[in-house]
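Reading through the structure tokens given below for one structure.
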Amino acid sequence: MYMRRFVEKYKRPLTLVAPALIGALYLILCLVSVQQSIWFDESYTAYLIRFDFGSILKYTAADVHPPLYYFLLKVWSMIFGYSDFALRAMSAMFGALAILFAFLWLKYKYGKTAAILGSLFLALSPNFIRYGEEMRMYTLVAAIVFAATYFLQLAIDNKSRKWWIIYAALVALGMYTHYFTAFAWMAHVVYLIVTYKNEFFTKKIFAWYLLSVVFYLPWLPGFLKQSSTVQGGFWIGAASVSKVANFFTETALYERASGTSNWLLVLFIAVSILFIYLTIRYYKQLKMLLCMTLVPIIGLILISMPPLKSMFVPRYLLYSMGAIAMMTGVELVLLARELTAKFPKRKKAKHADYRPAAIFTVCLVVFLGSSIWGISQVYAKTNYNFETGSHPIAKEVFNDAAALSGDENLPIIAATEWIYYDMSFYGSDEHPVYFIDEMTTNKFGSLLPLNDNDLGKIKDLDQFLEEHPRVIYLGQPSNGEELEFPRENFKQTDLLVMGHDDLTGNKFQAAIYEKE
């Protein structure tokens, strides 16, 4: 095949240039649209890193995720600033790093051609781009998982202690970043058992997993505390057939299963049939990638079953979505090799046999078509939330509220702590954002930072209003009611009912209030 010949001819420079170019392509695809509105998970992240490292450790222990990502983003913000572009750029950078480790592993396991196509498909994976645009830990998780997979393969083949130590450290780092990396380590264990059978249970291999546990011991109390918090009550809806179907349609097309109709449905069916056919055909060569794809999905389904609380959130398994993309690229290379062997070029033939190229091209076009469609959907929907079915609108709401005052610099008071989190990211010296302490409904979990700190807090509303006789009050009254200010004897001089609403359908309202 032409691509294979090209790779063989220029294999040395491609080893350096190819991952750099693919990583650069990924960064461009991510960074062109990182300034869309943030949503709650991001606004909480941005709020958290305003504090010192000790406070970050304390507040993450009261929430649901480990602290490593927040520590790294804190350091990153100290170097590059606190804008949405700067904070989201770290996720794009870790996504590019994940692509590099994917390239290294695929090159080591399958050769340069497979590494190029597999890492390219990873870079073009819609969800991988989507979460490279978000100030959350998912691309960091993918980078750790793909790096660990690469070093695990080196450790197995070279039997060197240094690779095992690096692998054990990465396993622990993954657990310091997101608990669902545990499914990736389970996938590795399944692969080791299936491939090496009884050898896996030797004391030597088992010891390296114990070393990971030792590395993780400092955070074990935090993990146990968070586990009880999550199982005590969490926001994620129950697992269902539609949610599992959504996992695959979001991976291939960045679309809900219910939204795949007409020609889009045809495209998804074609992608699925090709993927399943190639996976079955080459499953012996794809054992690790298969484990990385299937084990986390099955594990996530099982832990989301009663009596446990559901934790089925597809983005938690971004590395599995990435493994599907990588496996697609590898499968196409394996197909090309098989076709080349089956239809060798006849030098003396009058007409060349174009069947291998035609078959390969059709498969490539189908897979690239789904990626291109998915990427277009990422840009069209921006950071659409599939779990809640909502579009983040904090940026638009803040700008509309701030515009009420014209040239006058007025503080903005958020009616709820949840609105405050989103608005505080966009607050400025001209329009600082506050919340009213007496109206905070609870003071634990993700609201603990508001309880413990004075940042943006109005402790005494009456005194605050004496100092600021004109304020903007921003809220979201239910059932179309008019915004109600929390103090009497204040008149409303302007009222803006915005066209923005969340999944409840309740419109945001902002108004200027001053003492009568």
Closest non-hydrogen atom pair, Ala46 against Leu87 = CB-CD1, 4.2 Å
query = Short question: side chain of Ser91, backbone of Thr139 - any donor-acceptor pair under 3.5 Å?
reply = no
query = Sequence neighbours excluded, which residues qualify as side-chain contact (heavy atoms from CB on, under 4.5 Å) partners of Ser119?
reply = Ile22, Ile99, Phe103
ask   = Once the angle between the rings of Tyr110 and Trp105 is folded into 0 to 90°, is it parallel (under 30°), tilted (30 to 60°) or perpendicular (over 60°)?
value = perpendicular
query = Under 6.0 Å between ring centres, would you say that holds for Phe80 and Trp76?
reply = yes
request  = Could you tell me whether Phe268 and Phe248 have their ring centroids closer than 6.0 angstrom?
outcome  = no
ask   = Going by the angle between their ring planes, with limits at 30° and 60°, are Phe101 and Tyr150 parallel, tilted or perpendicular?
value = tilted
Expected output: side-chain Arg256 to main-chain Phe386 donor-acceptor under 3.5 Å = yes
request  = If the plane angle is over 60° it's perpendicular, under 30° parallel, otherwise tilted; pick one for Tyr421 and Phe40.
outcome  = perpendicular
message = Are Phe71 and Phe53 an aromatic pair, judged by ring center distance below 6.0 Å?
response = yes
task = Might you confirm whether atom CG of Asn262 has over 12 heavy atoms from other residues, nucleotides or ligands at distances under 6.0 Å?
result = no
key: Aromatic plane relationship, Tyr26 with Phe128 - under 30° parallel, 30 to 60° tilted, over 60° perpendicular   = tilted
inquiry  = If you compare all heavy atoms of Leu410 against all heavy atoms of Pro432, which two are closest, and at what distance to 0.1 Å?
reply    = O-CD, 4.4 Å
ask   = Can you name the ring pair (Phe, Tyr, Trp, His ring centres under 6.0 Å) partners of Phe435, sequence neighbours left out?
value = Tyr420
message = Within the 3.5 Å criterion, strictly below it, is a donor on Trp39 or Glu134 matched to an acceptor on the partner's side chain?
response = yes
query = What residues, two or more places apart in sequence or in another chain, satisfy salt bridge (charged side-chain N to carboxylate O under 4.0 Å, His left out) together with Glu42?
reply = Arg88
key: Residue Glu484 excluded, over 12 heavy atoms near CD under 6.0 Å   = no
task = Establish, yes or no, whether a centroid distance under 6.0 Å links the rings of Tyr82 and Phe425.
result = yes
